[in-house]
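Data first, discussion second: the structure below is written as structure tokens.
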Amino acid sequence: MGIEPGRLHFSWISSAEANKFVDVVNEITAAVKALGPNENFLKTEARVA
Amino acid sequence: MLAYIDKIKEISNRLLKEGKVDMVIGFRKGTVPMMNEPCFVKTPEDVDNFVWDSNCGINLANYLTNRKEKIGIVAKGCDSRNIVTHVIENKIKRDQLVIIGVPCKGMIDRHKIEAMFETEIQDVIEADDKIIVKGQGLEKTLNKKDVLQDNCALCIHRNPVIHDELVGDPVEEQKDLDRYEDVRKIEFMSPEEKWRYFDDLLSTCIRCYACRNACPLCYCPTCFVDESRPQWVGKSQDPIDTRTFHFLRAYHCAGRCTDCGACERACPMGIKVRTFTRKLEKDCLELFDWEAGLTLEERPPLDTYRPDDPDDFIK
Ligand code: SF4
Ligand code: SF4
Ligand code: SF4
């Protein structure tokens, strides 16, 4: 649908894999920060209150 | 066509007289050309209202949701597949139904035909494979195959997949079609191109929800777009709200959509809304070898797990 590659991530982490969880979250936040704000999903038309 | 009509009337009459069903759901002639309407017949005297022609594109499975009566239902190939989906999803019981199957040769596309003429179309008559369009100072004969709905031109299940009665001999199924040329074109686009493509596609959408209302899959008591606590998606016509509506709706139809085309037919703006569901249809076929609504015996891919399910996208 035109979402930039790198903005959406999938991972399978068991509740016992704390380290993997931390790693994956760090990786994803870094990747998404590098892409910058998601301008595509900003509303462009006038907002009602 | 006439033979079909007689047969539909005859079967309906018999079912109602014998008390096998409380009502029969079929089509009656619409008040405007090319728009036949669903028709609920409860007494044998009323079966004469039934018609059949190439303007019966509405999916009648839509009218079965949560019904308690015993129902006779007229079903084309695609309706029958949505009936199967309804049964699988517990929206109706198989033994409540007498399915009157109609082998189908496709429905004509009212948007296409309307776009061909400047004058208002007052009457559309069918003779074999020809369609005669009439209006003020207008009379033109078209080939039916040139004005089929896009989904019908690509349909490979024209014969009802389940039925208790059949109104005519099975028709020949279309073979060797390249069903996904258009989807592949979009798949090859870059993310930016896709973004623009869908912006364009949806630019005229007025959020009337006719596409949703016509779809037999969309039976949620409260649709996510109507929910206000929490409000999942904005209700405005801002392009991003409209886009969110369409993509989410499509995903709700994943593995369930039969490509019946009722959504596209219903759209007053002529938006090709099947563009979304067809990508999912293609994925289900390629990844799970699944076509919706073909059998009562198997669970759909989104509610089963198989160890060999594709999972390359998961890290
Ligand atoms: S999708 Fe197939 S069964 Fe349904 S109306 Fe079109 S040709 Fe007939
Ligand atoms: S999404 Fe459209 S084509 Fe698919 S089942 Fe619903 S109405 Fe039919
Ligand atoms: S029917 Fe057409 S205009 Fe209405 S919400 Fe659906 S796509 Fe938009």
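Just so it is clear: chains get the letters A, B, ... in the order the sequence lines come, proteins before strands, and each one is counted from 1.
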Identify, with sequence neighbours excluded, every residue that meets side chain to side chain contact (heavy atoms under 4.5 Å, CB included) alongside B/Cys56.
B/Phe27, B/Asn36, B/Trp52, B/Asp53, B/Met107
Go through the atoms of [X] and report whether side chain, backbone, both or neither lie under 4.5 Å from a heavy atom of chain A.
X: B/Ile240; value: side chain
X: B/Phe247; value: side chain
X: B/Asp199; value: neither
X: B/Arg243; value: side chain

Can you confirm if the aromatic rings of B/Tyr219 and B/His86 lie within a centre distance of less than 6.0 Å?
yes
Tell me the closest heavy-atom pair linking [X] and [Y], and the distance in Å.
X: B/Cys260; Y: B/Asn82; result: CB-OD1, 4.2 Å
X: B/Asp109; Y: B/Asp150; result: OD2-N, 4.3 Å
X: B/Arg299; Y: B/Asp303; result: NH2-OD2, 2.6 Å
X: B/Asn213; Y: B/Asn62; result: O-ND2, 2.8 Å
X: B/Ala292; Y: B/Thr258; result: O-CG2, 4.1 Å
X: B/Pro230; Y: B/Glu227; result: O-CG, 3.1 Å

Ordered numerically, the heavy-atom neighbours of chain B under 4.5 Å found in residues 25-38 of chain A are A/Glu27
Close approach to chain B in residues 8-15 of chain A, criterion heavy atom under 4.5 Å
A/His9, A/Phe10, A/Ser11, A/Trp12
Decide, yes or no, whether a salt bridge links [X] with [Y] under the criterion of side-chain N to carboxylate O below 4.0 Å.
X: B/Arg256; Y: B/Glu89; value: yes
X: B/Lys235; Y: B/Asp241; value: no
X: B/Asp226; Y: B/Arg212; value: yes
X: B/Lys76; Y: B/Asp79; value: yes

Mark yes or no: B/Arg184 above the aromatic ring of B/Tyr180, with NZ or CZ under 6.0 Å from the six-membered ring centre and no more than 45 degrees from the axis.
no
Suppose a student defines contact as a heavy atom less than 4.5 Å from any heavy atom of chain A. Which residues in residues 266-291 of chain B would they list?
none
Considering residues, nucleotides and ligands other than B/Phe188, do more than 12 of their heavy atoms fall under 6.0 Å from its CZ?
no
Heavy-atom donor-acceptor pair, B/Gln231 side chain to B/Val233 backbone, under 3.5 Å
yes
